Amino acid sequence: MEDDDTKQLSIYRAARTIKRRENTLYNALKSIYDDSIFVGEILQVWPDLPLLANLRCGLWYSSKFHSTCYFKSTDGHNNNWSFNTSRLNLHVAQLAGQKGGCFIVDATRRGKRFPDSMSKTIPIWTCVLNRSISNHLNKMRQSAQFNDGEVSTSDEQHCEDTRQTSVDWDCSLHLPLWVSETEKASIEDRLDEWTRQLEASGADIASLASLLKKPLRPLWISQKTVIWLNEVPDHDSWDFTPIILVSASASASNGVVQQHRTSSEFSWNYIAGAGDDEESWARGLTPTLFWNHAYEIINAGPVLCNQMVADIVEKDRVYRARRGQIAPQVTAKASKLVENSVHCLQDDSVLPLDISTINFDLNSCDEDCTICWLGSTSLAVGKSQTAAASKVDCILNCDQEPMSASLRHDKVYLHLPMVTSKFDRFSLLNNLPSAVNFAKLNLSKGKTLLICCNNGEDISVCVCLAILTSLFDGGGTFDGGNFFSEICITKLEMRRRLVTICKYVVNARPSRGNLKQVFGFLSGGRAGLEKRLHSQDQLLE
């Protein structure tokens with residue numbers, strides 16, 4: 001019996017070992033590189049359209065993106081359909097309206113051609129936006145009819161155009177053929193409610209309607225799609241604004257996700273959707289770093305790949321550290337392969353690096369120092385890595401790592417280390433009183449404030465939401481908290497403020513757990529908040 005258990009355990013370990021060998025760093029990067037060639041070919045079909053990456057997986061599949069977006073697959077899962085006003089992605093619709101359409105790139109590990117974000121989440125999004133725009137156009141038409149006796153000739157033409165547009169505006173739900181009629185009917189039953197939620201969120205539908213001349217409509221392209229290049233229509237000839245959804249990865253053949261492939265020099269295993277879950281395989285490599293060194297990494301082959309990536313990541317880390325930027329060291333875990341395996345190489349273990357052997361180029365591995373300003377509020381959101389170089393008066397650092405004192409210069413600085421709700425459910429809640437008080441003290445003096453965190457997408461956005469709601473009135477004017485003290489904050493009001501932030505911070509991705517902490521701070525702890533702010537004001541004075 002023990003022999004059988006040992007035998008089964010050995011088979012299990014062997015299967016795990018084989019899987020681990022197949023999911024190597026080189027296999028992932030080579031798969032991404034090959035899939036990016038397909039993405040590049042599709043872009044040449046309509047070269048005038050901008051390219052967007054659906055975070056985070058899609059960001060790996062091209063070296064040049066016009067922008068990013070965030071459509072979650074979970075919002076399109078069966079019986080879990082959702083239209084999330086925290087992720088409106090209005091900048092995507094605005095860009096499509098300006099350019100006549102756009103590409104969105106994503107990939108999926110599962111044995112299917114498209115992720116649910118493309119099959120259902122984005123189609124739901126386009127339909128809800130179309131319905132809201134149609135409602136807005138109808139209101140304009142009704143208003144024009146009411147004022148018919150007071151309009152000029154030019155206004156009459158505009159009203160006539162509005163009437164025609166509102167009548168022809170397509171509000172139907174367009175889903176791919178592989179989505180069942182039953183599921184489509186269930187989604188359609190929820191569209192009216194989602195449209196009401198969007199209109200109640202305070203989103204600027206009027207501006208969107210002025211940019212979009214045709215309704216949004218998704219199109220799907222994968223590696224199995226057949227395109228006759230001599231019959232490709234111009235995107236301007238369509239009666240809709242195309243949102244072209246490109247699934248970068250090859251779909252599974254006969255249920256087999258991985259395919260053994262051979263080039264002129266190396267053999268390797270293809271991984272569909274290799275860019276997904278980068279924490280588990282990338283070893284600190286980012287899409288930007290990869291594309292800065294793509295040819296060297298791919299040409300190095302599977303044997304030298306791990307060492308080369310480790311050198312690139314460490315070089316970038318030291319470069320950032322020398323500039324005083326936050327640069328945590330990345331340590332890769334050793335791969336647990338069987339001892340007698342020919343694949344058990346030194347580059348699968350923790351790699352000590354000799355820094356003196358690396359040639360530093362201070363022009364490489366640099367990213368644009370960008371922060372997002374919230375209109376005229378004097379508030380900005382950004383990444384902590386580039387915060388020191390920004391032109392602001394004050395910095396509120398929500399990252400776990402402190403900022404170098406030598407680079408802060410004359411900036412007023414406060415470090416409040418916070419973590420996401422996944423690791424601490426009360427991290428934001430405990431720090432928000434100090435954050436709001438710091439903001440109040442400095443904004444009242446007419447200073448500008450940058451709120452930063454590790455990625456500039458989650459914690460800093462949530463802290464900014466708390467500050468914007470606590471210290472600004474409904475029109476976005478700083479009042480020190482007078483408006484906040486006179487109203488009862490509801491989820492709808494907080495959602496409206498979040499929509500305002502997302503209008504400027506287009507890469508905002510606040511997590512649900514962190515937003516819950518912000519709402520708890522704004523709604524439940526106001527009395528305690530006022531006492532804490534008052535006591536801290538006295539201490540600071």
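Along the sequence shown, residues carry numbers from 1. Just so it is clear, the model here is predicted, and its values are computed rather than measured.
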Quiz prompt | Leu465 side, atom CG; Phe519 side, atom CZ - distance, nearest 0.5 Å | solution = 11.0 Å

Self-check item: Polar contact flag, side-chain donor to acceptor under 3.5 angstrom, Asn84-Ser86
Solution: yes

Practice problem: Could you label the plane-to-plane angle of the Trp125 and Phe71 rings as parallel, tilted or perpendicular, counting under 30° as parallel and over 60° as perpendicular? | Solution: perpendicular

Quiz item: Does any donor atom in the side chain of Ser119 or Trp178 lie under 3.5 Å from an acceptor atom in the other side chain?
Solution: yes

Quiz item: If we ignore angles and hydrogens, is there a donor and acceptor under 3.5 Å between the side chains of Asn397 and Ser384?
Solution: no

Quiz item: Going by heavy atoms in the side chains, are Val179 and Lys120 under 4.5 Å from each other?
Solution: yes

Practice problem: Would you mind checking if Asp116 and Lys72 are paired as a salt bridge, meaning a charged N to carboxylate O distance below 4.0 Å? | Solution: no

Quiz item: Do we see a donor-acceptor contact under 3.5 Å between the side chains of Ser427 and Asp424?
Solution: no

Exercise. Using only heavy-atom distances, determine whether the side chains of Tyr270 and Asp35 contain a donor-acceptor pair under 3.5 Å.
Key: yes

Quiz item: Without hydrogens or angle criteria, can the side chains of Asn514 and Ser511 be said to hold a donor-acceptor pair below 3.5 Å?
Solution: yes

Practice problem: Indicate yes or no for a side-chain donor-acceptor contact from Thr377 to the backbone of Leu374 under 3.5 Å, with no hydrogens or angles considered. | Solution: yes

Quiz item: Short question: side chain of His91, backbone of Thr68 - any donor-acceptor pair under 3.5 Å?
Solution: yes

Self-check item: Between Asp393 and Thr448, a side-chain donor and acceptor under 3.5 Å
Solution: yes

Quiz prompt | Between Thr85 and Arg495: side-chain donor-acceptor atoms closer than 3.5 Å | solution = yes

Quiz item: Can we say Lys315 and Asp311 salt-bridge, meaning some charged N sits less than 4.0 Å from an Asp/Glu carboxylate O?
Solution: no

Quiz item: Can you tell me if Asn430 and Gln517 form a side-chain donor-acceptor pair at under 3.5 Å?
Solution: no

Practice problem: Measure the OG1-CG distance between Thr126 and Leu216 for me, rounded to the nearest 0.5 Å. | Solution: 6.5 Å

Quiz item: Between Glu401 and Asn454, does any side-chain donor sit less than 3.5 Å from a side-chain acceptor?
Solution: no

Quiz item: Taking NZ, NE, NH1 and NH2 as the nitrogens, is one of them in Glu457 or Arg56 under 4.0 Å from a carboxylate oxygen of the other?
Solution: no

